[in-house]
Amino acid sequence: MLGSRASRFGLLILKHLTGGGKSISTPTYATRSFSQFLQPRYDQQSGTKLFRGAIFQKHNHFSTTTASSSDQGTEQKETISVTFVDKDGDEKHIKVPIGMSMLEAAHQNDIELEGACEGSLACSTCHVILMDVEYYNKLEDPTDEENDMLDLAFGLTETSRLGCQVIASPELDGVRLAIPAATRNFAVDGYVPKPH
Ligand code: FES
């Protein structure tokens, strides 16, 4: 009796030491701590994830930004040559940045092109005539709204366009634009367009 109790007590101590019959897996602890080591860390200020090599990533980021800034600077400098010819035949040569309308370019260079509606296709006072048909053919076709306004323009020609709708592009380098002797502004002159 005493012997069997002693042996049971011995078994209990043995169970306790070995984790209650379950095997204590040393590799489990080892795996956990290894995976914890692999967990990403976070930048305390920005909250962004930090991986190993983050320093290299940051340096790469800075060098990319620098390159794109210099590209933008080159784009902003691109211009084309445009000549405006006024009603007296006097010419004015200007440089127009790509993407700018001929109406804006005229205003920036003190050229008398009215543009009463400021480019909202509600007048025909920005009427210009492309002096060379080859340049006229390089333009996108006018929209219905532009054609409606051109119908009201004074002295309409085959190569007439609205200056606010002609946008500087590389193909237009060297274009010559004549400003008609008169414009018709129905908002000011009291002209009322007939309904279609
Ligand atoms: Fe009025 Fe061009 S400014 S249509």
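One-based numbering, in listed order, for ligands and for the atoms of each.
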Q. Number of protein N/O/S atoms less than 2.8 Å from atom 1 (Fe) of ligand 1?
A. 2
(Q) Using only atom types and a distance under 3.5 Å, with no angle test, would you say the side chain of Asp86 pairs donor to acceptor with the backbone of Asp88? (A) yes
Which donor-acceptor pairs under 3.5 Å do side chains of residues 154-164 form with protein atoms, sequence neighbours excluded?
{"residue": "Thr157", "atom": "OG1", "partner": "Thr159", "partner atom": "N", "Å": "3.2"}
{"residue": "Thr157", "atom": "OG1", "partner": "Ser160", "partner atom": "N", "Å": "3.3"}
{"residue": "Thr157", "atom": "OG1", "partner": "Ser160", "partner atom": "OG", "Å": "3.0"}
{"residue": "Thr159", "atom": "OG1", "partner": "Leu130", "partner atom": "O", "Å": "2.8"}
{"residue": "Ser160", "atom": "OG", "partner": "His127", "partner atom": "NE2", "Å": "2.8"}
{"residue": "Ser160", "atom": "OG", "partner": "Thr157", "partner atom": "N", "Å": "2.8"}
{"residue": "Ser160", "atom": "OG", "partner": "Thr157", "partner atom": "O", "Å": "3.3"}
{"residue": "Arg161", "atom": "NE", "partner": "Glu146", "partner atom": "OE2", "Å": "2.8"}
{"residue": "Arg161", "atom": "NH1", "partner": "Glu140", "partner atom": "O", "Å": "2.8"}
{"residue": "Arg161", "atom": "NH2", "partner": "Glu140", "partner atom": "O", "Å": "3.4"}
{"residue": "Arg161", "atom": "NH2", "partner": "Glu146", "partner atom": "OE1", "Å": "3.0"}

Q) Between the side chain of Tyr135 and the main-chain N/O of Asp173, is any donor-acceptor distance below 3.5 Å? A) yes
Q: Using only heavy-atom distances, determine whether the side chains of Ser81 and Lys95 contain a donor-acceptor pair under 3.5 Å.
A: yes
Q.
Please determine whether side chain to side chain contact (heavy atoms under 4.5 Å, CB included) holds for the pair Leu103 and Val128, giving the CA-CA distance in whole Å, both sets of side-chain angles, and the decisive distance to 0.1 Å.
A. CA-CA 9 Å; Leu103 178 66; Val128 292; over 6 Å; no
Q. Under the 3.5 angstrom rule, does the side chain of His107 hit a backbone N or O of Glu114 as a donor-acceptor pair?
A. yes
